[in-house]
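Below is one structure, written out as structure tokens; comments come after it.
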Amino acid sequence: MRRRPTQAALLMTVFLALAGCGSGTGTGTGTATSSPPAPSPTPSPAKTYTDADLSSIVGTLKDSQGRALTVVPAAQIDQGIIKAKEILKGAVFTPPECNVFTDSNSQIPEDSTYAAGTTISAADKTAIVVTAIALKDAKELTGHLEASRKAVAACGKFTAELAGQKVTTEVQEIDAATGGDQSFAALAKESLSTGEAQTSLTMTGIKGNLAATAVKAGPDVTPADAAELVQLIDTILAHG
């Protein structure tokens, strides 16, 4: 069956996207010690976003060719997450500790709101998936990405047997940043036992309690594609 290998490779891309593939590179806030500390101001409440708010933001995005992204309905995202979990539940990872991706990164926190959009280029055989997610607690976002970054560092190369196929993935961090408070980028090369291969570039940016992840996948994706993803992410984070 010709369709199965492609589905398996795309699943690994979604898999890495859900993982966030990294943590922030921003610096923490320093505390002054030269004078007595002033009373702590009442923290501003976190900005809130509904699924509809995030869908509207994603709906304004365009790729580098000027094509508008197609917004994915929330119900369809939920169905995709459930299906991915079912497939990943039976996946066998080598080394075994790399199953951390499925254990901790394949679900969205209950208190979150989210939206996604996609665009496909038949000419260069690429697909872009962009997700926007907001949580009440910004620390939860950074904590999640920090855990993902450690997982990627420990699993720079791993294999996964799923959906009847064996996929070998090599992941490396690349030097690229969004305009957010924190950002991370990684390039993943995925090879199937059938000989089929693809590369995916994943970027994540965080601003406050709002995060955006963009993934571009295709046979000829390179770090040079980061500029296009940065623009998409920064457009979302501008609303943070």
Side-chain angles (χ1 to χ4, degrees), residues 9-28 61-65 69 93 95 97-98 100-102 104-106 116-121 124-133 141-160 167-192 196-207 210-238 240:
L10 287 176
L11 180 56
M12 293 307 296
T13 298
V14 174
F15 184 62
L16 290 169
L18 287 172
C21 271
S23 173
T25 54
T27 58
L61 302 178
K62 294 183 179 181
D63 64 16
S64 60
Q65 302 302 313
L69 269 67
F93 287 82
E97 56 267 26
C98 291
V100 64
F101 289 108
T102 57
S104 62
N105 295 317
S106 59
T118 65
T119 180
I120 297 174
S121 172
D124 56 10
K125 300 179 181 179
T126 60
I128 293 176
V129 179
V130 179
T131 59
I133 181 169
L141 282 174
T142 56
H144 180 77
L145 291 180
E146 181 60 34
S148 297
R149 182 180 191 178
K150 291 178 180 178
V152 169
C155 296
K157 182 176 182 178
F158 62 93
T159 61
V167 184
T168 299
T169 302
E170 295 184 49
V171 188
Q172 64 178 35
E173 182 178 352
I174 67 169
D175 185 15
T178 70
D181 302 326
Q182 302 185 61
S183 57
F184 187 83
L187 192 72
K189 296 183 179 181
E190 301 149 3
S191 303
L192 279 80
E196 187 175 354
Q198 80 166 4
T199 301
S200 58
L201 176 62
T202 301
M203 295 195 67
T204 298
I206 297 176
K207 184 177 181 181
L210 178 65
T213 295
V215 182
K216 184 171 184 178
D220 301 312
V221 171
T222 71
D225 291 294
E228 180 177 17
L229 302 189
V230 166
Q231 182 177 2
L232 293 168
I233 290 172
D234 285 351
T235 300
I236 294 174
L237 298 184

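Just so it is clear, the structure is predicted and the values come from calculations on it, not from any experiment.
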Exercise. Examine the side chains of T159 and T168 and answer whether a donor and an acceptor come within less than 3.5 Å of each other.
Key: no
Look up atom [atom1] in [X] and atom [atom2] in [Y], then write down how far apart they are to the nearest 0.5 Å.
X	Y	atom1	atom2	value
I206	F184	CD1	CZ	11.5 Å
L232	K62	CG	NZ	12.0 Å
L69	I120	CG	CD1	10.0 Å
Q182	K207	CD	NZ	13.5 Å
L229	M203	CG	CE	6.5 Å
S191	E170	OG	CD	7.0 Å

Quiz item: Looking at I128, I174, T222, V215, which hits side chain to side chain contact (heavy atoms under 4.5 Å, CB included) with L201?
Solution: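 Looking at I128, I174, T222, V215, the match for L201 under the side chain to side chain contact (heavy atoms under 4.5 Å, CB included) is I174.
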Quiz item: For T204, which of T213, I133, T178, T131 qualifies under side chain to side chain contact (heavy atoms under 4.5 Å, CB included)?
Solution: T213
State which residues pass side chain to side chain contact (heavy atoms under 4.5 Å, CB included) with [X]; sequence neighbours excluded, sorted by chain then number.
X	answer
K125	P219
S64	E228
P95	E97, C98, F158
T126	S121, D124, K216, V221

Looking at every heavy atom in both [X] and [Y], which two are closest together, and how far apart are they?
X	Y	answer
V130	A214	CG2-CB, 4.0 Å
A177	V230	O-CG2, 3.6 Å
L237	G180	CD1-CA, 3.7 Å
A186	V171	CB-CG1, 4.0 Å

Quiz item: Are any of the side-chain heavy atoms of T118 and V129 separated by less than 4.5 Å?
Solution: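 Contact flag for T118/V129 side chains = yes.
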Exercise. Only counting residues at least two apart or in another chain, list the ones meeting side-chain hydrogen bond (donor to acceptor under 3.5 Å, both in side chains) with T235.
Key: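 T235 satisfies side-chain hydrogen bond (donor to acceptor under 3.5 Å, both in side chains) with no residue once adjacent residues are dropped.
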Exercise. Please report the C-alpha distance between L187 and T199 in whole Å, then the side-chain angles of each, then the deciding distance to 0.1 Å, and finally whether the side-chain contact (heavy atoms from CB on, under 4.5 Å) criterion is met.
Key: CA-CA 7 Å; L187 192 72; T199 301; 3.6 Å; yes
Quiz item: Does any N or O in the side chain of D234 come within less than 3.5 Å of the main-chain N or O of Q231, such that one atom is a donor and the other an acceptor?
Solution: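 Here the side-chain-to-backbone pair does not exist.
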